[in-house]
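Below you'll find the structure, written out as structure tokens, and then a few comments.
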Number of protein chains: 2
Amino acid sequence: MAIRIGIAGHGNLGRGVECAIRQNPDMELAAIFTRRDPETVAPLTPGLQAIPFSRIDSWKDTIDVMIICGGSATDLPTQTPELARWFNVIDSFDTHARIPEHFAAVDAATKKSNHIGIISVGWDPGLFSLNRLISQATLPQGNDETFWGKGVSQGHSDAIRRLAGVIDARQYTIPVEEALNKVRSGENPKLTTRQKHTRLCYVVAEQGADREKIAHEIKTMPNYFADYDTTVNFISAAELKRDHEGIPHGGFVIRTGFTGPNSENTHIAEFSLKLDSNPEFTASVMVAYARAAYRLKCEGQSGCRTVFDIAPALLDRRSGEELRKTLL
Amino acid sequence: MAIRIGIAGHGNLGRGVECAIRQNPDMELAAIFTRRDPETVAPLTPGLQAIPFSRIDSWKDTIDVMIICGGSATDLPTQTPELARWFNVIDSFDTHARIPEHFAAVDAATKKSNHIGIISVGWDPGLFSLNRLISQATLPQGNDETFWGKGVSQGHSDAIRRLAGVIDARQYTIPVEEALNKVRSGENPKLTTRQKHTRLCYVVAEQGADREKIAHEIKTMPNYFADYDTTVNFISAAELKRDHEGIPHGGFVIRTGFTGPNSENTHIAEFSLKLDSNPEFTASVMVAYARAAYRLKCEGQSGCRTVFDIAPALLDRRSGEELRKTLL
């Protein structure tokens with residue numbers, strides 16, 4: 001019997017989950033839930049009608065795992081613990097600093113309801129975190145660096161959109177090739193924020209807006225841009241649509257470690273991702289972890305987990321025997 | 001209380017384990033066991049005396065995990081199941097085709113004795129296998145390729161050494177840059193054995209040996225060299241010692257996957273290692289998995305495992321709380 005997946009929220013991430021389920025023959029899409037008018041939601045799956053969020057609890061016996069596709073700022077801190085009352089849950093909570101409190105909330109909710117929750121699933125947090133952990137555990141003496149990009153940062157794009165005179169914007173985070181190569185060579189450089197990444201902005205301004213002022217406001221914006229070398233390009237709405245519709249992203253986790261009687265041998269472990277679609281890849285990772293959540297629940301386990309707690313074999317639909325034979 | 005580690009076999013791998021234990025403050029070296037005359041074994045640890053293999057069973061209550069550092073061809077198929085009678089065991093069994101039968105033997109032995117065994121630990125099999133599994137599970141539609149090198153292959157070096165007229169030899173496996181870049185670009189090429197790697201040999205020949213004949217025998221050797229573009233260089237024993245004493249290795253696991261309603265988006269996940277010392281890195285990985293074996297045993301588990309079955313958090317000495325706070 002297939003694992004029945006529910007999707008809570010049908011933005012870019014939810015649509016990505018809908019696509020990913022089709023690539024996993026042991027899963028089926030049970031329902032999509034939305035807070036919008038269900039008539040305005042168009043699932044990719046022919047004949048499927050989105051269900052209002054308010055009726056989600058009535059699906060508790062017909063969905064094995066709910067993949068929650070809300071945002072980290074305001075949705076997930078309440079949605080994930082709430083939905084854990086009725087479902088095994090997966091989310092992609094990515095506010096790194098608030099992970100401990102989110103974990104505690106989901107752990108309490110899932111233990112009470114006897115479900116499994118896996119939070120902060122995706123690539124960072126997610127597969128990147130996993131690589132940081134494994135490379136630190138296997139090379140305890142050393143240093144690692146994470147670089148992001150080239151990719152679109154939604155948070156930075158939004159920050160630009162909030163400025164007066166701005167109609168739309170797209171911000172790319174770009175790793176500095178020179179810094180990347182220094183880390184990769186085992187040189188172990190000390191790098192400042194400015195030395196690691198640059199920020200490239202494409203802005204659609206209102207007619208007659210003061211472009212110089214907008215560019216200045218972007219470049220001096222604290223936290224978001226002030227610590228970086230930032231380039232601002234003004235383009236038309238048509239150009240933005242033509243050239244910047246995609247949501248690519250990616251990055252690099254590189255650890256340099258040392259072994260030997262006098263730490264004389266250097267080892268470099270590097271994991272990188274180059275993603276055409278950040279939400280679709282994140283969704284694919286969430287679907288694999290949904291399988292793990294289902295299996296843990298079937299074993300009678302409950303409580304909150306992260307990618308650190310999941311044995312990799314649980315992610316794949318094949319048996320342990322087949323995995324050992326073909327992949328080990 | 002520290003985790004007490006035993007080392008069975010004190011070649012390059014065993015010495016690597018001895019070094020790695022020092023980098024892990026929650027572990028201590030309990031004893032080194034050898035089949036050679038213990039007087040001829042020189043541990044790095046001051047004052048430590050190697051113990052004859054024949055007395056290993058008397059250490060069963062004072063060692064938490066035995067790291068077995070024998071060879072895959074003849075040692076491990078018998079050593080690992082035998083030592084599992086008395087100990088939790090880790091090995092680096094790397095004959096890919098025989099992993100299923102080795103797993104079965106160690107599983108039976110560990111279940112009977114109520115111990116944990118983790119086999120085929122290292123980087124390939126090991127961390128490379130882990131990356132193949134995770135990238136296939138998260139990108140089920142796609143293809144992956146593994147490249148090895150630049151690095152010394154002991155098996156290929158040994159094969160050359162067995163030829164008449166050869167005193168010593170070192171063989172490097174080298175990935176073909178062009179093939180690597182094709183895979184990395186998402187082109188998804190079909191590659192033959194010859195297109196993926198070349199083989200570079202440094203040979204010390206006996207005085208008066210027929211070098212042309214030796215080179216021909218190497219290049220046409222079935223399984224080892226015949227399917228590759230192979231270069232043979234003759235050098236002096238002094239040059240071999242000066243330039244080829246190290247045991248570097250490494251490689252790349254690259255998966256290209258596709259997502260989206262019409263599989264129109266491409267994603268590339270790449271994991272690579274660049275190792276100054278293959279045995280020391282393998283040893284470091286084994287030590288991290290020894291920690292996992294100890295923890296599973298403490299939970300009351302038994303039986304054989306591979307890297308696929310181990311939750312990553314078990315590899316690191318820090319608590320789940322600290323890992324979530326600092327690495328997720």
Side-chain angles (χ1 to χ4, degrees), chain A residues 16 19-20 23-24 44 96 99-100 103 120 125 127 129-134 136-141 186 257 259-261 264-277 280-281 283-285 287-288 291 306-313 315-317 320-321 323-325 327-328, chain B residues 16 19-20 23-24 44 96 99-100 103 120 125 127 129-134 136-141 186 257 259-261 264-277 280-281 283-285 287-288 291 306-313 315-317 320-321 323-325 327-328:
Chain A
C19 293
Q23 296 188 347
N24 290 279
L44 301 164
H96 292 260
I99 285 174
F103 183 91
S120 302
L127 302 192
S129 326
L130 214 52
N131 273 276
R132 285 188 283 265
L133 170 57
I134 293 172
Q136 288 188 20
T138 55
L139 288 170
Q141 203 176 101
T259 67
E264 64 272 46
N265 286 316
T266 301
H267 307 282
I268 299 165
E270 174 170 342
F271 178 71
S272 68
L273 289 171
K274 200 176 151 198
L275 310 172
D276 270 0
S277 166
E280 285 178 12
F281 183 72
S284 284
V285 177
V287 165
R291 178 181 290 116
T306 74
V307 296
F308 294 159
D309 308 305
I310 306 298
L315 303 176
D316 196 288
R317 70 189 171 89
E321 197 179 347
L323 293 175
R324 285 191 294 275
K325 200 171 158 184
L327 293 183
L328 194 61
Chain B
C19 292
Q23 296 188 347
N24 290 279
L44 301 163
H96 292 261
I99 285 174
F103 182 91
S120 301
L127 302 192
S129 326
L130 215 51
N131 273 275
R132 286 189 282 265
L133 171 57
I134 293 172
Q136 289 188 18
T138 55
L139 288 170
Q141 204 174 99
T259 67
E264 64 272 45
N265 286 315
T266 301
H267 307 281
I268 299 165
E270 173 170 342
F271 178 71
S272 68
L273 290 171
K274 199 176 152 197
L275 311 172
D276 270 359
S277 166
E280 285 179 11
F281 182 72
S284 282
V285 177
V287 165
R291 178 181 290 117
T306 74
V307 296
F308 294 159
D309 308 306
I310 305 299
L315 303 176
D316 197 286
R317 70 188 171 89
E321 197 179 347
L323 294 175
R324 285 190 293 275
K325 201 173 157 182
L327 292 183
L328 196 61

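By convention in this document, chain letters (A, B, ...) are assigned in the order of the sequence lines, proteins followed by strands, and residues within each chain are numbered from 1.
- Minimum interatomic distance between A:T259 and B:Q23 (heavy atoms only, all atoms of both residues): CA-NE2, 3.9 Å.
- No other option in A:K274, A:R132, A:R324 has as many heavy-atom pairs under 4.5 Å with chain B as A:R324.
- Rounded to the nearest 0.5 Å, atoms CG (B:L327) and NE2 (A:H96) are 11.0 Å apart.
- The structure places CG of B:L328 at 4.0 Å from CD1 of A:I99, a figure rounded to the nearest 0.5 Å.
- Of the atoms belonging to B:L133, heavy atoms from both backbone and side chain fall under 4.5 Å from chain A.
- Of the residues considered (A:S120, A:G16, A:A313), A:A313 shows the highest number of contacts with chain B, using heavy-atom pairs under 4.5 Å.
- Only the side chain of A:F103 comes within contact range of chain B, with at least one heavy atom under 4.5 Å from a heavy atom of that chain.
- Minimum heavy-atom separation, B:G260 to A:C19: C-SG, 3.6 Å.
- Taking CD of A:E264 as the start and OG of B:S277 as the end, the distance is 8.5 Å to the nearest 0.5 Å.
- With B:D276 contributing its side chain and A:T266 its backbone, the two residues share a donor-acceptor pair below 3.5 Å.
- The contact between A:L44 and chain B is made entirely by side chain atoms (from C-beta outward), counting heavy-atom distances below 4.5 Å.
- Annotation: the span from A:I134 atom CD1 to B:D316 atom CG amounts to 10.5 Å, rounded to 0.5 Å.
- Residues B:L139 and A:F281 form a side-chain contact, since some pair of their non-hydrogen atoms from C-beta on lies under 4.5 Å apart.
- With respect to chain B, the highest number of heavy-atom pairs below 4.5 Å among A:P100, A:P140, A:A20 belongs to A:P140.
- The distance from the OG1 atom of B:T138 to the CG atom of A:L315 is 8.0 Å, given to the nearest 0.5 Å.
- Both the backbone and the side chain of A:L275 have a heavy atom closer than 4.5 Å to some heavy atom of chain B.
- When each of B:A269, B:A288, B:P261, B:S272 is scored by its heavy-atom pairs under 4.5 Å with chain A, the top score falls to B:S272.
- For the salt bridge (charged side-chain N to carboxylate O under 4.0 Å, His left out) test, no residue two or more places apart in sequence or in another chain qualifies with A:D309.
- Interface summary for chain B: among A:Q141, A:Q136, A:H267, A:R317, the most heavy-atom pairs under 4.5 angstrom belong to A:H267.
- Nearest approach of B:P312 to A:I310, heavy atoms of both residues: CD-O, 3.4 Å.
- Contact annotation for A:V287: neither backbone nor side-chain heavy atoms come within less than 4.5 Å of a heavy atom of chain B.
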